[in-house]
Amino acid sequence: MIIRVAPSLPTMKTFLYRVPEGWERFLGRFTRVKIHLSGRPVTGFVLSEENEQGIHLKSIEEIKGIEDIFPLLDGPLGELCLWASKFYITPIGMVLKFALSYGLDVEPYLRIRSTSRDSLHLDGALLSKAIKENGREGILRYFYDRGIELIDIFTGVSFLPSGTSSEKRGRNNKRLLYISDFKERIEFYAAEIERRIGQNRNCLLLMPDYQGLGDFFYNIFQKRFKDRVLWFGSKVQKNKRMEAYFKARKGGYLIFGNKSSVFLPGMKEGLIIVERPEDILKNIEGFRFDATKIAIERSFLEDVDVIFGSISPPIDVFQEGKEGVFEMVDQRKAHKKKHEIIIDHIPSGQRGMLSKRIADVIEEAIKQREVIGIYTPKKIYGTSVRCILCEESILCRGCGASLSFNKEKNVFFCKACGIEFEGLIKCPGCGGELIYTPFLGVESIEEQLNSMYKGTEVYSCTGENLKKTLKALQKKTPDKGAIIVGSQALTKLCDVSLKRLILIGWESIPLFAGYRAYERMFQTLQNLIDGTHPGILYFFMEREMAVDPFLYLDLHSFYEKELMRRKSALFPPYTRLFSIEIEHPSERDGLKKVERIVSLIKDKGLEDLLSGPVKERYKGYYRWRFLLKGEVDKLYDVFKSIYDIKGVKIEADPPHV
DNA sequence: TGTTCGTCCATA
DNA sequence: ATGGACGAACAT
């Protein structure tokens, strides 16, 4: 038998191998096999059986071994991986490797139960040990001849392929977008979870597992569902994770996980909850994907319901709600409560410090012993490069940090990611002269507060210290006033009540958030309000009425307007975006590569979808970046043909362009 | 003409 | 991913 195998390597190529006599029945779609490629051992996945007649290759090697008893990703989950491979232009071998990564090593957790007389000598042995002693082939033969069963050590349940190929598919599943405040969401989830657990079904709760937010949620539900709650994060100890893996197969649990757990098996008739889908981070190791997209697709391929809960959902999910892919329920209560809103600006002479008017507000709050918050999108104090005419900051396209200037080389560069921007001597927006001004960040505000208001408690809240801050806030003396200063991490506060919330420079988010800028502004504001329900909201902007905050307070009108803007400029959700990055140390050779790629795109008649390239310097390298707008079906062949070119990176749905 | 270093290429 | 082929740049 000849099989096609996808190696778990970053290549779109697949390879043919011969299967040793007698092994045929041990192999199915996506069985992991050991192969040799360029004479070196590599793990691959069986894709299909090939017709031996049509094959003229003289040098087909045999596979070197079988790595699992049966395919660990099968049925609808296998379909999901195939879909993701295409949707994200990632070789199927890489997707499968990633999707399995959490539960790769099942054999040390399985015990053999003999079910026939001639396998009695294996009874009770650990599978990994038995394989070491008897060879894998022998054990496989017992398993496929029904001489043994495999029992995991946590549940006592028989370990079998989970795929239930094509019985009930997801067309009738529930996909619900639940728009509501934090407290409502928790109650709603709890009710859904309770019902499912009662029916011995699983719930998977996906959330951004960073900055201590995961622990916060875990504690809430752990109190309620006790030993029915399992942690499946990457930080969890290996045997704890394996315990969750096997218990999930049994059913009746609430499993907490981050983005990689969307591929967890055992979710049949279960529920996937995505809390704050707008904050779910994209995975970056090897296989880049957005877990919310995978969750949605999973509900189409498998018998699984999906609930997205948020106060400010991703705009593409809102759009899907309008199209009927999602049922949309709006249960917000708190937004009907009116906040007082005060809009002001910071005079240009007072930009590097807390302006007089901001200080007035703070002093009033201190006098009243209030707990108040200050939000600023910038973490650190620094000097920004600005344009003298339009006053826009010049920021790094890659990471959004403000640019620094190297006088000797006459080049702007980003300290954070090393990109140099050539020929930038005038403002890219309006052509004005560039000047330098200090800006306010969490650090500098904290410093100034500490020196201006000695004796007042000041807490800083950034990505790095959120966990500590949350703990400190719990211990804080209740009737004493305090000031919490924070960046984006301030949106992670869930049950803090603030009398006043001061936003400094909130309107400058667009400078580094690309086409999703307004959406991010909206989501930041809404999550801040949801987490801290302030009595008075202050907007201190760098220019008078730079933005009208009232446009960002009504969910429906904001999304309608933003969708119209996206539609007319052709941006997601009305098209998909892809970036192609070409990196090369020499400019001449790099340009050759760029031309090669452009001509490949032109050959397919797709040049209309192409924009760029934009040239950048990056740590001594030259880098070119293209953007392509269009659907995968149209673009897949081109992507496949350029994927294997060295130094070329394709990114699907790049977040800030 | 030999040596070293870095880029390209194919993997069954 | 990665080892070997290949070719440019350098030294002898």
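These values consider heavy atoms only, across backbone and side chains, with no hydrogens, waters or symmetry-generated copies. Note on naming: letters A, B, ... go to the chains in the order of the sequence lines (proteins, then strands), and numbering restarts at 1 for each one.
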Trainee: Can you name the residues that form a side chain to side chain contact (heavy atoms under 4.5 Å, CB included) with A:E631, not counting sequence neighbours?
Mentor: A:T575, A:R576
Trainee: Could you work out, with salt bridge (charged side-chain N to carboxylate O under 4.0 Å, His left out) as the rule, every residue matching A:K634, not counting sequence neighbours?
Mentor: none
Trainee: On DNA chain B, which is the earliest and which the latest nucleotide, 5' to 3', with an atom closer than 4.0 Å to a heavy atom of chain A?
Mentor: B:dT7 to B:dA12
Trainee: Roughly, in whole Å, what's the span from CG in A:D589 to P in C:dA9?
Mentor: 10 Å
Trainee: Which residue pairs pass the salt bridge (Lys or Arg N to Asp or Glu O under 4.0 Å) test when at least one of the two sits in residues 592-602 of chain A, sequence neighbours left out?
Mentor: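 Sorted pair list: A:D589-A:K592.
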Trainee: Among residues 35-50 of chain A, which ones have heavy-atom contacts with DNA chain B below 4.0 Å?
Mentor: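 When residues 35-50 of chain A is checked for heavy atoms under 4.0 Å from DNA chain B, the hits, listed by number, are A:H36, A:L37, A:S38.
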Trainee: Just jot down the salt bridge (charged side-chain N to carboxylate O under 4.0 Å, His left out) partners of A:K86, sequence neighbours excluded, or say none.
Mentor: A:D633
Trainee: Apply salt bridge (charged side-chain N to carboxylate O under 4.0 Å, His left out) to A:E67 and list each qualifying residue two or more places apart in sequence or on a separate chain.
Mentor: A:R32, A:K34
Trainee: Among residues at least two apart in sequence or on other chains, which ones pass salt bridge (charged side-chain N to carboxylate O under 4.0 Å, His left out) with A:K649?
Mentor: none
Trainee: Hey, can you pull the residues of residues 6-18 of chain A with a non-hydrogen atom under 4.0 angstrom from DNA chain C?
Mentor: A:L9, A:P10
Trainee: Report the residues that fulfil ring pair (Phe, Tyr, Trp, His ring centres under 6.0 Å) with A:F626, sequence neighbours left out, ordered by chain and then residue number.
Mentor: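 Partners of A:F626 under the ring pair (Phe, Tyr, Trp, His ring centres under 6.0 Å) test: none.
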Trainee: Please, which pairs that meet salt bridge (Lys or Arg N to Asp or Glu O under 4.0 Å) have at least one residue in residues 46-56 of chain A, sequence neighbours excluded?
Mentor: A:R4-A:E50
Trainee: Check this for me, if you would: do A:D152 and A:K247 make a salt bridge, where the nitrogen-to-carboxylate-oxygen distance has to be below 4.0 angstrom?
Mentor: no
Trainee: Just to verify, what does A:Y144 make a side chain to side chain contact (heavy atoms under 4.5 Å, CB included) with, not counting sequence neighbours?
Mentor: A:R25, A:F26, A:F70, A:L140
